[in-house]
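Contents: one structure, followed by commentary.
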Amino acid sequence: MNESLAIPHLSAVTHQALMSVRTRFAPSPTGYLHIGGVRTALFNWLLAKGAGGQFLLRIDDTDQQRNVEAALAPILHGFRWLGLEWDEGPEVDGPYAPYFQSQRSERYQAAVEKLLETGAAYRDFATTEELTAEREAAQAAGEPFRYSRKWMAETPEQATAFEAEGRQGVMRLKMPTEGTLEINDLVRGTVKFDWGREQDHVVQRADGSCLYHLATVVDDHDFKITHVVRAEEHLSNTPRQVFIAQALGYPLPEFAHVPYVAEPGSKNKLSKRKLEKYLKNRDFAALNNKGQQIAERLGLETSAETFNPVIVDFYEEVGFLPDAILNYLVLLGWSLDDSTEEFSREEMIQHFTLARVNKAPASFDAQKLLAFQQRAMNALPTKQKVARSVEFLKRAGLVSDPPPCDVAEYVTQIVEAAGDRITVFGDILEFDDFFTADDQLSYDEKAFGKRLVKPDDAAELLTAFRAKLADAKGFDAESLDKLLHDFVEQQGIKIGQIIHAIRVAVTGKAVGFGMFETLAILGQQRCLARIDRALKLLADAKG
RNA sequence: GCCCCGUUGGUCUAACGGUGAGGAUAGCGGGCUUUCAAUCCGCUGAUGAGGGUUCGAUUCCCUCACGGGGUGCCA
């Protein structure tokens with residue numbers, strides 16, 4: 001063994017340990033997890049996992065909301081459901097706890113004091129009115145606003161004097177007045193800013209509470225974040241954060257500003273507040289309706305504000321597969337090449353790079369999401385499809401809980417016959433006719449009219465076919481296929497003249513999957529019972 | 001107003017300065033069929049505008065338009 005082999009190996013390990021990639025996502029506890037936020041979080045997660053590093057969750061609750069815990073729970077739940085586990089953060093903690101900004105005030109206070117000491121910040125006593133006046137004057141003069149620092153207190157004497165006037169002091173950054181800042185953004189490349197255009201931002205209010213920009217810089221440093229990957233709306237905020245970091249003597253993290261996820265069919269940022277507008281988008285509305293229908297069958301108490309395709313909970317309730325959502329989302333702003341579309345979790349981790357993240361926002365496309373879901377669902381083994389479908393059936397009250405012992409077998413037949421008609425697990429509920437008692441089956445009025453009432457020979461044919469069914473020896477799909485075809489030949493009719501009537505009679509619906517599978521699954525007794533009932537209803541209808 | 005970022009079919013995207021601008025999804029037409037779905041075959045559809053640089057521009061530069069962000073004691 002020679003040394004030249006051993007040494008590089010060792011140093012590579014050391015290097016990796018030192019340079020361990022740490023990323024974070026910083027949600028505010030708003031009570032729900034936004035799909036656009038998840039996409040940004042996913043990029044962070046992928047970057048960290050791909051480098052063997054850590055992904056952390058930090059809670060931006062500087063606003064001190066009253067019920068942080070309740071508002072945070074759905075967010076954490078959403079991350080877990082998607083399988084975006086965090087290495088450090090709420091509930092799992094970690095070496096740099098606490099991970100809640102509301103609990104880190106002392107850290108921010110210490111930073112403010114240091115900024116003051118080094119002259120990077122100053123106490124300011126301007127009133128809101130005075131600042132507004134300055135702003136308006138600058139605007140009237142057509143000049144960019146820059147605070148005059150008239151009420152800046154650089155000595156304790158000055159501060160005392162201002163306080164004597166009844167003024168309250170805040171802490172402001174003393175920003176450079178000239179020069180340029182160049183940052184090398186991992187997505188956007190070199191971006192230049194003019195220091196002279198930056199404001200003396202407030203970092204601490206009169207009541208001692210600190211603002212976001214200060215807090216985020218301190219936290220990212222404390223948590224040893226190496227890559228700040230966030231939405232592009234923060235790009236313009238970066239200079240002030242760089243200033244704070246440098247003033248505190250922190251090394252700068254890498255920055256990557258990723259585009260936001262846009263509204264369906266537009267380039268506006270996707271927001272939870274404009275749902276009404278999105279519902280005018282056909283595809284978005286279709287997805288939403290699908291969800292609402294499933295929710296209704298499940299008996300969920302939903303409202304448009306808390307249950308819609310912008311919110312991650314929606315997908316869980318309706319029965320999407322997390323991997324399908326991630327696969328769709330990763331392609332919203334990132335691509336590997338000109339043709340690869342399908343990625344497992346591991347493949348995403350393996351291939352993701354910031355260099356191939358797009359600069360332009362990408363619109364949320366409900367149809368394409370559904371297409372990814374469809375594909376993932378088709379690839380799922382029947383056994384898993386059945387297990388999840390049974391859960392949904394139980395929740396909808398269509399099978400009792402605990403289910404009868406043969407439920408899995410029964411549902412397996414349905415799932416297999418349904419094939420790709422099941423896009424999300426909630427779709428199983430559309431086949432409720434397999435789970436209702438024969439004398440409770442409800443008939444679609446339109447279908448009943450068109451296929452049973454209207455054709456003059458419906459009752460006659462159905463009665464004749466019922467007799468055949470009653471005598472049937474085998475009741476599997478293949479035998480039934482033959483049975484019906486023989487019947488049709490005997491009667492000298494086309495199959496279309498009877499098969500729709502049969503479908504409506506036994507399922508109550510105009511559409512469904514293969515007729516023979518349907519009959520076979522229901523079994524002889526139930527088919528006969530349902531046909532009898534349909535014939536009776538038909539007779540009543542014809543009066 | 002000023003500063004920063006962006007702009008390829010409806011949508012997501014690909015294209016060392018040299019491709020018939022490729023793929024996906026959607027749409028349309030047709031076949032198959034007992035309905036729906038699926039499937040098969042075929043088709044429509046894009047480089048925001050204008051100037052440069054270049055033998056050659058989606059790609060580089062400038063101007064404009066449009067969209068987004070910042071200019072907050074919001075995050």
Side-chain angles (χ1 to χ4, degrees), chain A residues 26-28 30 60-63 101 124 126 128 131 135 138-146 168 170-172 185 187-189 191-194 196-199 201-207 209-213 215-216 231-240 257 259-260 262 264-269 281-283 328 331-342 356 358-372 374 378 418-423 430 447 451 481 484 488 494-504 507 509-516 518:
Chain A
S28 340
T30 51
D60 281 10
D61 56 349
T62 43
D63 275 355
Q101 291 197 322
D124 182 63
T128 313
L131 281 169
R135 250 184 218 111
Q139 198 177 358
E143 284 161 12
F145 167 68
R146 198 103 208 262
Q168 295 209 311
V170 298
M171 211 62 74
R172 275 183 194 280
D185 189 280
V187 167
R188 275 149 220 280
V191 185
K192 289 176 191 168
F193 296 93
D194 202 343
R197 311 228 172 249
E198 293 297 318
Q199 304 296 324
H201 300 283
V202 171
V203 289
Q204 188 178 36
R205 299 182 183 92
D207 67 3
S209 62
C210 287
L211 281 93
Y212 169 77
H213 296 290
T216 196
E232 65 175 285
E233 62 245 42
H234 289 284
L235 181 57
S236 303
N237 298 330
T238 308
R240 72 186 81 160
H257 290 92
Y260 54 84
S266 110
K267 289 296 177 198
N268 295 325
K269 188 176 166 183
N281 176 281
R282 204 179 90 207
D283 305 332
Y328 170 72
L331 257 13
L332 225 45
W334 174 83
S335 66
L336 175 63
D337 54 30
D338 63 348
S339 56
T340 313
E341 292 250 302
E342 286 184 66
R356 287 197 66 91
N358 254 100
K359 297 177 184 71
S363 309
F364 177 80
D365 181 349
Q367 273 190 140
K368 195 152 185 179
L369 205 205
L370 236 17
F372 275 84
Q374 174 83 258
N378 289 161
D420 47 32
R421 290 171 187 82
I422 296 176
T423 302
E430 272 180 45
R451 301 302 190 184
D481 190 331
L484 183 63
V488 162
K494 285 189 170 178
I495 198 167
Q497 288 172 259
I498 174 78
I499 203 162
H500 301 292
I502 300 173
R503 181 184 298 284
V504 174
T507 69
K509 291 169 185 166
V511 300
F513 38 78
M515 193 66 259
F516 309 116
T518 302

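Hydrogens, waters and symmetry mates are skipped; everything else that's a heavy atom, side chains included, is used.
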Problem - Contact state string [nucleotides 58-70 of chain B, B base, S sugar-phosphate only, - no protein heavy atom under 4.0 Å] - result: ---------SSBS
Completion exercise
Heavy-atom contacts, protein to nucleotides 31-44 of chain B, under 4.0 Å, summarised as B (base), S (sugar-phosphate only) or - (none) per nt, yield ---BBBBS------
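Base pairing of B/rC73: no nucleotide in any strand meets the Watson-Crick or G-U wobble criterion (both distances under 3.5 Å). Within the shown strands, nothing qualifies as a pairing partner of B/rC16 under the Watson-Crick or G-U definition with both distances less than 3.5 Å. Base pairing of B/rC36: no nucleotide in any strand meets the Watson-Crick or G-U wobble criterion (both distances under 3.5 Å). Across all strands shown, B/rC66 forms a Watson-Crick or G-U wobble pair with B/rG6, both key distances being under 3.5 Å. Using N1 to N3 plus N6-O4 or O6-N4 for Watson-Crick, or N1-O2 and O6-N3 for G-U wobble, each under 3.5 Å, B/rU54 pairs with nothing. Using the Watson-Crick or G-U wobble rule with both distances under 3.5 Å, B/rC43 pairs with B/rG27.
Looking at heavy-atom distances under 4.0 Å, A/Ala447 makes no contact with the nucleic acid at all. Residue A/Asp283 is classed as having no contact, given no heavy-atom separation below 4.0 Å to the nucleic acid. Residue A/Lys192 is classed as a sugar-phosphate contact, given heavy-atom separations below 4.0 Å to backbone atoms only. A/His257 comes within contact range of no nucleotide atom at all, as no heavy-atom separation falls under 4.0 Å. A/Val191 comes within contact range of the sugar-phosphate backbone alone, with a heavy-atom separation under 4.0 Å but no base atom that close.
B/rU71 atom C1' lies 13 Å from atom CG of A/Asp194, rounded to whole Å. To the nearest angstrom, P of B/rC74 lies 13 Å from CD of A/Gln204. Atom CG in A/Asn358 sits roughly 8 Å away from atom P in B/rU7 (whole-Å rounding). At whole-Å resolution of the value, CZ in A/Arg197 and P in B/rC5 are 13 Å apart. Across the protein-nucleic acid pair, A/Arg135 atom CZ and B/rG1 atom P stand 18 Å apart, rounded to whole Å. Protein atom NZ of A/Lys359 is 16 Å distant from nucleotide atom P of B/rC12, rounded to whole Å. Distance CG (A/Asp338) to P (B/rG22): 11 Å, rounded to an integer number of Å. We find that OH of A/Tyr212 is positioned 12 Å from P of B/rU71, with the value rounded to whole Å.
For the C1' atoms, the distance from B/rU7 to B/rG27 is 24 Å, rounded to whole Å. Taking atom C1' on both nucleotides, B/rG30 is separated from B/rG20 by 26 Å, rounded to a whole Å. For the C1' atom pair drawn from B/rU47 and B/rU58, the interatomic distance equals 5 Å after rounding to whole Å. Between the C1' atoms of B/rC61 and B/rU19, the separation comes to 25 Å (whole Å). Using atom P as the reference point in both B/rG1 and B/rC64, the two lie 12 Å apart (nearest Å). Comparing the C1' positions of B/rG72 and B/rC16 gives a spacing of 45 Å, expressed to the nearest Å. Between the P atoms of B/rC36 and B/rG31, the separation comes to 13 Å (whole Å). Nucleotides B/rG48 and B/rU39 place their P atoms 33 Å apart, quoted to the nearest Å.
A 4.5 Å side-chain heavy-atom check between A/Gln199 and A/Pro239 finds every atom pair outside the cut-off. Between A/Tyr260 and A/Glu232, some side-chain heavy-atom pair lies under the 4.5 Å cut-off. Annotation: side chain of A/Leu484 is in contact with side chain of A/Ile502 (closest heavy-atom distance under 4.5 Å). The side-chain heavy atoms of A/Val187 and A/Lys359, taken from C-beta on, include a pair separated by under 4.5 Å. Side chains of A/Thr518 and A/Met515 form a contact here, defined as non-hydrogen atoms less than 4.5 Å apart. Contact check for A/Gln374 versus A/Thr423: side-chain heavy atoms found under the 4.5 Å cut-off. No side-chain heavy atom of A/Cys210 sits under 4.5 Å from any side-chain heavy atom of A/Met171.
With B/rC12, B/rG6, B/rA75 as the choices, the nucleotide that has an atom nearest any side-chain atom of A/Leu211 turns out to be B/rA75. The side chain of A/Gln367 approaches B/rG27 more closely than any other nucleotide in the set B/rG27, B/rG6, B/rA75. Among the nucleotides B/rC74, B/rC3, B/rU13, the one closest to any side-chain atom of A/Ser335 is B/rU13. Here the side chain of A/Gln199 is nearest to one of B/rG72, B/rA75, B/rC73, namely B/rG72. Checking B/rG6, B/rU25, B/rG1 against the side-chain heavy atoms of A/Ala360 singles out B/rG6 as nearest. Distance from the side chain of A/Ala362 is smallest to B/rU13 among B/rU11, B/rC5, B/rU13.
A tilted orientation is assigned to the rings of A/His234 and A/Tyr212, their planes being inclined by 30° to 60°.
No side-chain donor-acceptor contact under 3.5 Å links A/Arg503 and A/Thr507.
No N or O donor and acceptor, one from the side chain of A/Lys368 and one from the base of B/rA26, sit under 3.5 Å apart.
Nearest-nucleotide positions on RNA chain B for A/Thr340 and A/Asp365 put A/Asp365 closer to the 5' end.
Between A/Ala418 and A/Phe513, the closest heavy-atom pair is CA-CD2, 3.5 Å.
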Handout entry: Test log, rule side chain to side chain contact (heavy atoms under 4.5 Å, CB included), inputs A/Leu211 and A/His201
Key = CA-CA 10 Å; A/Leu211 281 93; A/His201 300 283; over 6 Å; no
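Side chain of A/Tyr328 to main chain of A/Ala371: no donor-acceptor pair is present (N/O by atom type, distance under 3.5 Å, no hydrogens or angles).
Contact between the side-chain N/O atoms of A/Ser339 and the OP1/OP2 oxygens of B/rU13 is not found at any separation under 4.0 Å.
Salt bridge present: A/Glu233 and A/Lys269 bring a charged side-chain N and a carboxylate O closer than 4.0 Å.
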